[in-house]
> 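Have a look at this one.
Since this is a predicted model, take the numbers as computed values, not measurements.
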Amino acid sequence: TNGNVTSSTVLVIEVLPDADAALAFLDQDADFLPGQSTLTSVQVTNTGNTPLDIDWTVETPVGEKCSASLQDAQTLNLLPDAQTTVALQVDVATSASSADTCEVTLSSHVAIDDTTQLLEELVFVINVDERVNFSLSGPAAPISFEPTTGATYEVRIHNDGSDEAVFYL
């Protein structure tokens with residue numbers, strides 16, 4: 001033919017749901033003191049293209065000086081590009097010191113095609129802080145001093161903190 005030929009083609013593009021998330025522990029500077037509980041959190045961002053219903057689990061290895069628990073075990077309908085936080089309570093053992101660390105594993109699971117799959121896992125380390133706590137006790141009764149005579153009495157320092165300490169009087 002001596003002319004222009006026009007044709008058209010229909011392209012069908014199927015966008016499949018992509019479940020993905022980014023996790024970040026941003027509370028490294030929080031105080032994790034021996035014998036105390038600290039409420040902390042992990043930031044979650046939906047980096048996929050589909051809303052997410054996430055089930056959470058948290059673990060600490062056996063024998064750790066800390067334990068962690070979830071405030072809420074689910075995050076529902078987290079939209080793409082949206083952020084939220086997952087609250088964790090971290091309990092530090094009274095026997096812990098500032099030399100100890102605690103490894104925490106936060107896992108996220110989603111339901112895809114009638115199966116539960118691991119979405120993302122974050123392993124982070126918590127540094128235990130030093131708990132400073134000491135008291136000074138002296139004689140129970142008042143002491144009289146004479147300028148020319150000495151007096152003997154006892155003063156005790158009690159270290160109830162988490163770490164050894166050296167005191168100079």
> If Ile, Leu, Val, Met, Phe, Trp and Tyr residues are connected whenever their side-chain heavy atoms lie under 4.5 Å apart, and connections chain through other members, are Leu70 and Ile126 in the same group?
yes

> Quick one: do Leu88 and Ser69 satisfy side-chain contact (heavy atoms from CB on, under 4.5 Å)? Show the steps, please.
CA-CA 6 Å; Leu88 302 169; Ser69 59; over 6 Å; no

> Which label fits Phe25 and Phe124: parallel for a plane angle under 30°, tilted from 30 to 60°, or perpendicular past 60°?
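The rings of Phe25 and Phe124 lie parallel, inter-plane angle below 30°.
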
> Minimum heavy-atom separation for Val90 to Cys66, with atom names?
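Result for this residue pair: CG1-CB, 4.2 Å.
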
> Looking at Pro51 and Asn77, what are the two nearest heavy atoms and their distance?
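Scanning both residues, the minimum pair turns out to be CB-OD1, 3.5 Å.
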
> How far apart are the closest heavy atoms of Leu33 and Asp129, and which atoms are they?
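Reported closest heavy-atom pair: CD2-CB, 3.7 Å.
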
> Ignoring hydrogens and angles, tell me if any N or O in the side chain of Asn46 forms a donor-acceptor pair with the backbone of Leu78 under 3.5 Å.
yes

> Keeping Asp18 on the side-chain end and Gly48 on the backbone end, is there a donor-acceptor pair under 3.5 Å?
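Side chain of Asp18 to backbone of Gly48: no pair is present.
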
> Side chains of Gln117 and His109: does their closest heavy-atom pair fall under 4.5 Å?
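Gln117 vs His109: side chains apart.
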
> Just wondering, do Thr57 and Asp55 contact through their side chains at under 4.5 Å, heavy atoms?
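Asp55 does not reach Thr57 side chain to side chain.
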
> For the residue pair His158 and Ser137, establish whether any side-chain heavy-atom pair is separated by less than 4.5 Å.
yes

> Walk me through it: do Trp56 and Ser107 pass the test side chain to side chain donor-acceptor pair (under 3.5 Å)?
CA-CA 6 Å; Trp56 299 100; Ser107 301; over 6 Å; no

> Apply the test side-chain contact (heavy atoms from CB on, under 4.5 Å) to residues Thr105 and Glu121: give CA-CA distance (whole Å), side-chain angles for both, the deciding distance (0.1 Å), then the verdict.
CA-CA 7 Å; Thr105 302; Glu121 188 171 81; 3.6 Å; yes

> Can you tell me if Thr60 uses its side chain to pair, donor with acceptor, with the backbone of Ser67 under 3.5 Å?
no

> For Val92 and Pro34, which heavy atoms make the closest approach, and how far apart are they?
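Smallest heavy-atom distance, with atoms named: CG1-CA, 3.7 Å.
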
> In terms of hydrophobic clusters joined by side-chain contacts under 4.5 Å, are Val132 and Leu136 together?
yes

> Shortest non-hydrogen contact from Glu64 to Glu103?
OE1-N, 3.2 Å

> What distance do Thr50 atom OG1 and Ile112 atom CD1 have between them, rounded to the nearest 0.5 Å?
8.5 Å

> Would you say Leu76 ends up clustered with Leu119 if hydrophobic residues are merged whenever their side chains have heavy atoms under 4.5 Å apart, either directly or through other cluster members?
no

> Do Asp27 and Ser41 touch side chain to side chain, with heavy atoms closer than 4.5 Å?
yes

> After noting the C-alpha distance and the side-chain angles of Thr45 and Leu23, does the key distance pass the side-chain contact (heavy atoms from CB on, under 4.5 Å) rule?
CA-CA 7 Å; Thr45 305; Leu23 309 177; over 6 Å; no

> Is there a side-chain contact between Val104 and Val123 in this structure, where contact means two heavy atoms from C-beta onward sitting under 4.5 Å apart?
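A side-chain contact under 4.5 Å is absent here.
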
> Has Asp100 got a side-chain atom pairing as donor or acceptor with Val128's backbone, closer than 3.5 angstrom?
no

> Could you walk me through whether Ser37 and Asp91 satisfy the side chain to side chain donor-acceptor pair (under 3.5 Å) test, starting with their C-alpha distance in whole Å, then the side-chain angles of each, then the deciding distance to 0.1 Å, before giving a yes or no?
CA-CA 4 Å; Ser37 295; Asp91 300 316; 2.2 Å; yes

> Heavy atoms, side chains only, cut-off 4.5 Å: are Val44 and Thr75 in contact?
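They are not in side-chain contact.
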
> Mind checking whether Pro139 and Glu154 have side chains closer than 4.5 Å, heavy atoms only?
no

> Which heavy-atom pair separates Ala21 from Leu52 by the least distance, and what is that distance?
CB-CD1, 4.4 Å

> Could you check if a side-chain atom of Glu120 sits within less than 4.5 angstrom of a side-chain atom of Ile54, using non-hydrogen atoms only?
no

> Can you tell me if Gln74 and Asp72 form a side-chain donor-acceptor pair at under 3.5 Å?
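Side-chain D/A pair, Gln74 to Asp72: absent.
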
